[in-house]
**Q** 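Sharing a structure here in structure tokens format.
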Amino acid sequence: MLNKLSPIYTTQFGRAYCGDSIDLLKRIKDESINLVITSPPFALLRKKEYGNKPQDEFVDWLARFAKEIFRIITKDGSFVLDLGHAYQKSRPVRSLYNYKILINFCEELRFNLAEEFFWHNPAKLPSPIEWVNKRKIRIKDSVNTVWWFSKIDFPQADARNVLVPYSERMKKLLRDSDKFYSPKKRPSGHDISKHFSRANGGAIPPNLLEIPNTESNSQYLRYCKIVGIKGHPARFPVKLPEFFIKFLTKPGDIVLDIFAGSNATGEAAESLERHWLAFELNIQYLAASIFRFLGEIEPQQIKKIYESLSNGNLHKYEASKIKPISMFNSALSKNLDDIFITL
DNA sequence: CCTCCGTTTACTCACTCATC
DNA sequence: GATGAGTGAGTAAACGGAGG
């Protein structure tokens, strides 16, 4: 094994490593990562090209990674896990695999469930075809469960970073609370006071995250087309990691995605000035993920970069040299070498 | 030629967003 | 305002290869 791990590319804030995440996680020091956010291959019945695990092996398989994650996140760090649902084989009955993960991580690995989130993708196609489209005995499943785990009861979190605009009705109330609102005890028993009319800069968001996954002409996809490859087949929208990075970290913190795929997490972290690490087993997926960081460059140059990264030479590429970052805040600079164990 | 496998293919549709 | 591109899932039938 190499003494020093070599990223296949770096940016101003991040590093992308190719390899088995179990091995890579073991090279990270205890309590050094603020947030791990990831979406593993789901335990679907349909075989996917990125190699998903069967339902009966899934919990044990993912728990091996989670154990390392528990070790490497800071005391007040978080672990956010996006999981889609699946059906049992040959039955219109749900698999409980994502709930088994939740219970295993909390009861065996001693994670807290800080909060459960639901990612609603309204543009999800109606599926699975057999139960939903053909027989019409089930309706379309358009939410993923997103479990937010922590080690302690009070992990770093600030909802003020993820406030959403007030509704039109609430804006009216804030303009003239006397006219639109009368503080009193509600039938539910809640005593809604005068404080309800105080403007706090936005509404507290719900745990239902409505984010359509409809990317169709991003720079990433355009560059994939230029190079002549398909984009990663199961990308999550950048807005999803963006929400949790804003909510659970500060600028300069370190975010890790252990199943990085096309590195949407890295893109979100980079734009929010958080350091990031991306681990991905498939060199082609990881090589293409550099497209997110290149800016507008010539097609010939895009092809050259992709070739040199995907040929397996683990050629180190600095995206920041291609796309100069003008507004780099040096106060946030951190030596990412410090978080790795040197053998 | 037939059987027993495993593999491939047909089936079926809601919604968003950028661009023209 | 219309258009095109992109986003997936599980079953069962069809297909194809190996072996007798």
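Just so we're on the same page: letters track the sequence lines, and every chain starts at 1.
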**Q** Expressed as a whole number of angstroms, how long is the span from Lys230(A):NZ to dG8(C):P?
**A**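 Interatomic distance, NZ of Lys230(A) to P of dG8(C): 12 Å.
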**Q** Under the rule for side-chain hydrogen bond (donor to acceptor under 3.5 Å, both in side chains), what residues qualify as partners of Glu242(A), not counting sequence neighbours?
**A**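 Applying side-chain hydrogen bond (donor to acceptor under 3.5 Å, both in side chains) to Glu242(A) gives none.
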**Q** Using a 4.0 Å cut-off on protein heavy atoms (strictly under), produce a 5'-to-3' string for nucleotides 14-20 of chain B with B for base contact, S for backbone-only sugar-phosphate contact, and - for none.
**A** BBBSSS-
**Q** Determine the contact category for Arg235(A): base if any of its heavy atoms lies under 4.0 Å from a base atom, sugar-phosphate if only primed atoms, P, OP1 or OP2 are that close, otherwise nothing.
**A** sugar-phosphate
**Q** How about Phe244(A) and Phe117(A): are their ring centres within less than 6.0 Å of each other?
**A** yes
**Q** Between atom CZ in Phe236(A) and atom P in dG8(C), what is the gap in whole Å?
**A**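 Value for this atom pair: 13 Å.
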**Q** Any protein N or O atoms within reach of nucleotides 6-9 of chain B? Criterion: under 3.5 Å, listing atom names and distances.
**A**
none

**Q** For Glu130(A) and dA13(C), what is the distance between atoms CD and C1' respectively, to the nearest whole Å?
**A** 11 Å
**Q** Is it true that Asp30(A) and Arg71(A) have a side-chain N and a carboxylate O under 4.0 angstrom from each other?
**A** yes
**Q** Send over the distance from Trp131(A) CH2 to dC11(B) P, rounded to a whole Å.
**A** 19 Å
**Q** Can you tell me if the side-chain N/O atoms of Lys134(A) get under 4.0 Å from OP1 or OP2 in dA12(C)?
**A**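 Looking at the OP1 and OP2 atoms of dA12(C), neither is under 4.0 Å from any side-chain N or O of Lys134(A).
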**Q** Atom NZ of Lys136(A) and atom C1' of dT11(C): how far apart are they, to the nearest Å?
**A** 15 Å
**Q** Nearest to the side chain of Arg135(A), heavy atoms from C-beta on, is which of dC13(B), dT7(C), dT11(C)?
**A**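 The answer is dT11(C), which lies nearest to the side chain.
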**Q** Among Asn144(A), Thr38(A), Asn98(A), whose side chain to side chain donor-acceptor pair (under 3.5 Å) with Asp82(A) holds?
**A** Asn144(A)
**Q** Would a single hydrophobic cluster contain both Leu209(A) and Trp147(A), if residues Ile, Leu, Val, Met, Phe, Trp and Tyr are joined by side-chain heavy-atom contacts under 4.5 Å?
**A**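 As far as the 4.5 Å side-chain criterion goes, Leu209(A) and Trp147(A) are not connected within one cluster.
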**Q** Given dG6(C), is OP1 or OP2 found less than 4.0 Å from the side-chain N or O atoms of Arg222(A)?
**A**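 So the side-chain polar atoms of Arg222(A) never come under 4.0 Å of the phosphate oxygens OP1 or OP2 of dG6(C).
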**Q** Take the protein atom CG of Asn213(A) and the nucleotide atom P of dG6(C), then report the distance between them rounded to whole Å.
**A** 13 Å
**Q** Indicate, with yes or no, if Val238(A) and Tyr220(A) share a hydrophobic cluster defined by side-chain heavy-atom contacts under 4.5 Å among Ile, Leu, Val, Met, Phe, Trp and Tyr.
**A** no
**Q** For Pro237(A) and Asn213(A), which heavy atoms make the closest approach, and how far apart are they?
**A**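 Closest pair (atom of Pro237(A), atom of Asn213(A), distance): CD-OD1, 3.5 Å.
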**Q** Quick one: does NZ or CZ of Lys151(A) land under 6.0 Å from the six-membered ring centre of Phe70(A), within 45 degrees of the ring axis?
**A**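 Yes, Lys151(A) sits over the ring of Phe70(A).
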**Q** So, Phe279(A) versus Phe259(A), ring centres under 6.0 angstrom or not?
**A** no
**Q** Rounding to a whole Å, what distance do you find between Arg138(A):CZ and dT11(C):P?
**A** 12 Å
